[in-house]
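Working notes, beginning with the structure itself.
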Amino acid sequence: MKLNYRDLVILGILLALAILIAGFFLLIKPKNEEIKSNKASLASLEEERSQIEGKIREIDPLKQDIESVYKDTTKLTESFVDYNNIFNARKLDQYMQHFAEECEVKVMNLNANDLNTGTLNYYYFTPSFLAEDQLAQADLNGDYQAANNAQKLESDAISSRTEENVLVGQYSISVTAEDKENIWNYMTALEEQEETIIINSVSLSNIEIKEVKTSSRDDEEKPQPTAQFVISLYSVYDLAEPNLEQE
């Protein structure tokens, strides 16, 4: 059957529509879906990038905080005796010898222990008041109790703190000297040094508080003054410097 011109035009239009429809489903629609998927992936990546950039912005302040904490901690631990100086009994004795040498006291006997774990107690004074029950009866307006509580405020706050565990070296020593002033100097040297060395107890003997000659027997040789000390030395491990340049 022959097609006239009109039929050929209609057929061409139908073929063109068919090609367009086929092209849409075969090419355009998949590409459109791919574009949508890529847009969703792009949005997700942009959100991830935003979060990463936010974390990057936090790095410098975080480094500064870490460095500040490290410096504060290092400054706090400077008061403790260096671990390497007293980690065993031999090192502990070597560390303590210079106090005796500088104060010119002679060591008669000593006992040094290796470092061990211990508790560093807080030093504080708790006020006490005579006959508090009677004071409470006389305290009609509560003024006495308020004044007492104010005086106890510091000791109450400190006593509730957690006692910290540290490293402790124990050192017991008996010394003698030509003059009692050397004993006092030795005690003063231990008290005034800046590290955490604490005198737990002191026993003195052959100490004359007042020297007055009463007879010729005073010219006789007298026993040298002696003192026995029990001392605690506190130490901590050095805090490792943080490596802030790690990947």
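Of all non-hydrogen atoms in Asn182 and Glu104, the two that sit nearest each other are ND2-CB, 3.7 Å. Ala89 and Ala112 get closest at one heavy-atom pair: CB-O, 3.3 Å.
In this structure Lys106 satisfies the salt bridge (Lys or Arg N to Asp or Glu O under 4.0 Å) test with no other residue, sequence neighbours excluded. Remark: Tyr95 engages no residue in a ring pair (Phe, Tyr, Trp, His ring centres under 6.0 Å) (not counting sequence neighbours). With sequence neighbours left out, Glu181 forms a side-chain contact (heavy atoms from CB on, under 4.5 Å) with Asp179, Trp184. With sequence neighbours left out, Tyr171 forms a side-chain hydrogen bond (donor to acceptor under 3.5 Å, both in side chains) with Asp93. Checked against side-chain hydrogen bond (donor to acceptor under 3.5 Å, both in side chains), Gln51 has the following partners two or more places apart in sequence or in another chain: Glu47. Asn200 pairs by the side-chain hydrogen bond (donor to acceptor under 3.5 Å, both in side chains) definition with Ser232, not counting sequence neighbours. Glu178 pairs by the side-chain contact (heavy atoms from CB on, under 4.5 Å) definition with Gln224, not counting sequence neighbours. For Gln145, the side-chain hydrogen bond (donor to acceptor under 3.5 Å, both in side chains) criterion is met by Asn149, not counting sequence neighbours. Ala40 meets the side-chain contact (heavy atoms from CB on, under 4.5 Å) test with no other residue; sequence neighbours excluded. With sequence neighbours excluded, the residues satisfying side-chain contact (heavy atoms from CB on, under 4.5 Å) with Glu191 are Met187, Ile199.
Checked by atom type and distance alone, the side chain of Asn165 never pairs as donor or acceptor with a backbone atom of Thr119 at under 3.5 Å. Of the possible polar contacts, none joining the Gln137 side chain to the Gln134 backbone as a donor-acceptor pair under 3.5 Å is found.
If you take CD on Glu195 and CG on Asn85, they are separated by 7.5 Å, rounding to the nearest 0.5 Å. We find the CG-CG distance between Leu233 and Leu115 to be 8.5 Å, quoted to the nearest 0.5 Å. The CG atom of Asn185 lies 11.0 Å from the CD atom of Glu102; values are rounded to the nearest 0.5 Å.
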Enumerate donor-acceptor pairs with a distance under 3.5 Å from any side-chain N or O in residues 72-82 to protein atoms, sequence neighbours excluded.
from	atom 1	to	atom 2	distance (Å)
Thr73	OG1	Val69	O	2.8
Thr74	OG1	Tyr70	O	2.8
Thr77	OG1	Thr73	O	3.2
Thr77	OG1	Thr74	O	3.1
Asp82	OD1	Asn84	N	3.0

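Annotation: Glu46, atom CD; neighbour count of heavy atoms from other residues, nucleotides and ligands within 6.0 Å is above 12.
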### Task
Apply the test side chain to side chain contact (heavy atoms under 4.5 Å, CB included) to residues Asp114 and Asn116: give CA-CA distance (whole Å), side-chain angles for both, the deciding distance (0.1 Å), then the verdict.
CA-CA 6 Å; Asp114 293 346; Asn116 204 343; over 6 Å; no
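Within the 4.5 Å cutoff, the side chain of Lys180 has no heavy atoms near those of the Leu204 side chain.
Ring planes of Tyr186 and Phe99: perpendicular class, angle over 60° (limits at 30 and 60°).
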